[in-house]
Protein chains: 2
Amino acid sequence: METATVDLATTLRQQGYRVTQPRRAVWDALVRASGHMTVEQLSRQVEEPVDQASIYRTLKLFEELGLARMSHLGEGEASRWEPAHPDEHFHLVCRSCGTVDHHIGTLVRDIRNHLDDGHGFDVEDVELVVTGRCDDCRA
Amino acid sequence: METATVDLATTLRQQGYRVTQPRRAVWDALVRASGHMTVEQLSRQVEEPVDQASIYRTLKLFEELGLARMSHLGEGEASRWEPAHPDEHFHLVCRSCGTVDHHIGTLVRDIRNHLDDGHGFDVEDVELVVTGRCDDCRA
DNA sequence: TTGGGTGCAAACTCTTTGCAGCGTT
DNA sequence: AACGCTGCAAAGAGTTTGCACCCAA
């Protein structure tokens with residue numbers, strides 16, 4: 001967590017952005033929660049209050065800097081944010097309890113490879129969301 | 001197209017819903033366009049004017065009846081609708097020209113199988129959206 | 001005839017934007 | 001001191017909802 005904070009400050013400064021209290025607070029909340037946070041949830045968990053508009057701006061910046069990643073996990077749902085991690089993964093959303101699990105595997109890379117091989121499509125992003133019922137919620 | 005219309009009326013009646021002009025018009029527009037339509041696009045292409053609120057209600061009904069399918073194809077974009085087809089497929093969205101292609105293959109089924117085999121997750125829906133640049137848009 | 005469906009308008013949610021003032025550099 | 005960033009409030013998009021009227025059954 002300390003490491004994460006340092007990384008944030010370093011990355012911001014390297015790219016010529018200011019290291020501000022709101023940015024630190026949003027980043028800390030994001031890291032502390034380890035992912036899948038809506039802007040609203042973040043705004044509630046942030047140490048010092050930060051305006052939601054600023055949270056949106058901050059997260060968008062983090063995304064550009066490669067620090068955070070957004071996903072849509074379902075219909076009519078707000079976007080969810082998590083610290084960017086290096087592994088390609090996808091999300092398993094339980095429609096019963098709402099839990100979101102990461103599933104790390106070769107699947108996303110397989111998709112990339114499959115499309116790179118002569119399908120003439122230059123893949124930039126793979127968004128894979130699987131909805132269903134998790135182990136705990138099945139009968 | 002005539003077949004499609006007949007299917008619509010039959011399905012509606014079988015489930016106790018009324019066969020109305022707006023429902024026919026929305027369905028025709030959806031079939032005619034063969035997919036990937038936003039509500040706004042549909043409202044422009046429908047023969048007789050249909051209120052957007054009614055289009056939303058109609059599409060939601062079609063979805064429940066298994067006649068149509070919705071996808072989110074990108075950030076901040078409106079939902080897109082297409083007639084439900086039996087093949088499992090996913091979408092290739094070109095961020096340059098905006099074209100959306102279907103890609104039919106075993107990938108989606110592979111994902112289902114992968115998760116069904118002892119991962120304890122009961123898969124209901126797989127939403128896979130690949131963003132990148134299509135053949136035509138690459139240099 | 002009757003109640004399901006529609007149009008219209010208002011409300012709601014999520015997100016973005018304009019602007020004046022604050023705080024990092 | 002300078003100007004990038006923030007908070008606040010308002011505006012925007014997409015979608016939903018309440019309600020009176022209409023029309024398919």
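If you're wondering where the values come from, they're calculated on a predicted model, not measured in any experiment. We name chains A, B, ... by the order of the sequence lines, and we start the count at 1 in each one.
- Within the 4.5 Å cutoff, the side chain of B:Trp81 has heavy atoms near those of the B:Val39 side chain.
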Report, one line per pair, each donor and acceptor closer than 3.5 Å where one atom sits in a side chain of residues 93-100 of chain B; sequence neighbours left out.
unit_1: B:Arg95; atom_1: NE; unit_2: A:Glu124; atom_2: OE1; d: 2.7
unit_1: B:Arg95; atom_1: NE; unit_2: A:Glu124; atom_2: OE2; d: 3.1
unit_1: B:Arg95; atom_1: NH2; unit_2: A:Glu124; atom_2: OE2; d: 2.8
unit_1: B:Ser96; atom_1: OG; unit_2: B:Arg133; atom_2: NH2; d: 3.1

Q: Assess whether side chain to side chain contact (heavy atoms under 4.5 Å, CB included) is satisfied between A:Val50 and A:Leu42, documenting all intermediate values.
A: CA-CA 9 Å; A:Val50 179; A:Leu42 284 171; over 6 Å; no
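- Contact annotation: the side chain of B:Gln41 never approaches that of B:His36 to less than 4.5 Å [non-hydrogen atoms, C-beta and beyond].
- Ring pair B:His102/B:His85 is tilted by interplanar angle, where 30° to 60° counts as tilted.
- Atom-to-atom, CD of A:Glu48 to C1' of D:dC5 comes out at 16 Å; the value is rounded to the nearest Å.
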Q | Trace of the side chain to side chain contact (heavy atoms under 4.5 Å, CB included) decision for A:Glu47 with A:Gln45 | A | CA-CA 6 Å; A:Glu47 306 272 341; A:Gln45 303 211 359; over 6 Å; no
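- For the side chain to side chain contact (heavy atoms under 4.5 Å, CB included) test, residues two or more places apart in sequence or in another chain that qualify with A:Thr20 are A:Arg18, A:Pro22, A:Arg23.
- Partner of A:His91 under the side-chain hydrogen bond (donor to acceptor under 3.5 Å, both in side chains) criterion, out of A:Glu82, A:Arg80, A:His103: A:Glu82 alone.
- For DNA chain C, the span of nucleotides reached by chain A at under 4.0 Å from its heavy atoms goes, 5' to 3', from C:dC14 to C:dT25.
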All N/O contacts under 3.5 Å from nucleotides 21-24 of chain D to the protein, with atom names and distances to one decimal?
unit_1: D:dA24; atom_1: N3; unit_2: B:Arg18; atom_2: NH1; d: 3.4

Which atom pairs link the protein and nucleotides 13-16 of chain D when you take only N or O atoms and keep those under 3.5 Å?
unit_1: D:dT15; atom_1: OP1; unit_2: B:Ser79; atom_2: N; d: 3.2
unit_1: D:dT15; atom_1: OP1; unit_2: B:Ser79; atom_2: OG; d: 2.7
unit_1: D:dT15; atom_1: OP2; unit_2: B:Tyr56; atom_2: OH; d: 2.5
unit_1: D:dT15; atom_1: O5'; unit_2: B:Tyr56; atom_2: OH; d: 3.2
unit_1: D:dT16; atom_1: OP1; unit_2: B:Lys60; atom_2: NZ; d: 3.2

Name every donor-acceptor pair, under 3.5 Å, that has one atom in a side chain of residues 60-70 of chain B and the other anywhere in the protein, sequence neighbours excluded.
unit_1: B:Arg69; atom_1: NH2; unit_2: B:Asp125; atom_2: OD1; d: 3.4
unit_1: B:Arg69; atom_1: NH2; unit_2: B:Val126; atom_2: O; d: 3.4

Q) Under the side chain to side chain contact (heavy atoms under 4.5 Å, CB included) criterion, do A:Phe90 and A:Ile104 qualify, and how do the steps go? A) CA-CA 7 Å; A:Phe90 60 89; A:Ile104 300 178; over 6 Å; no
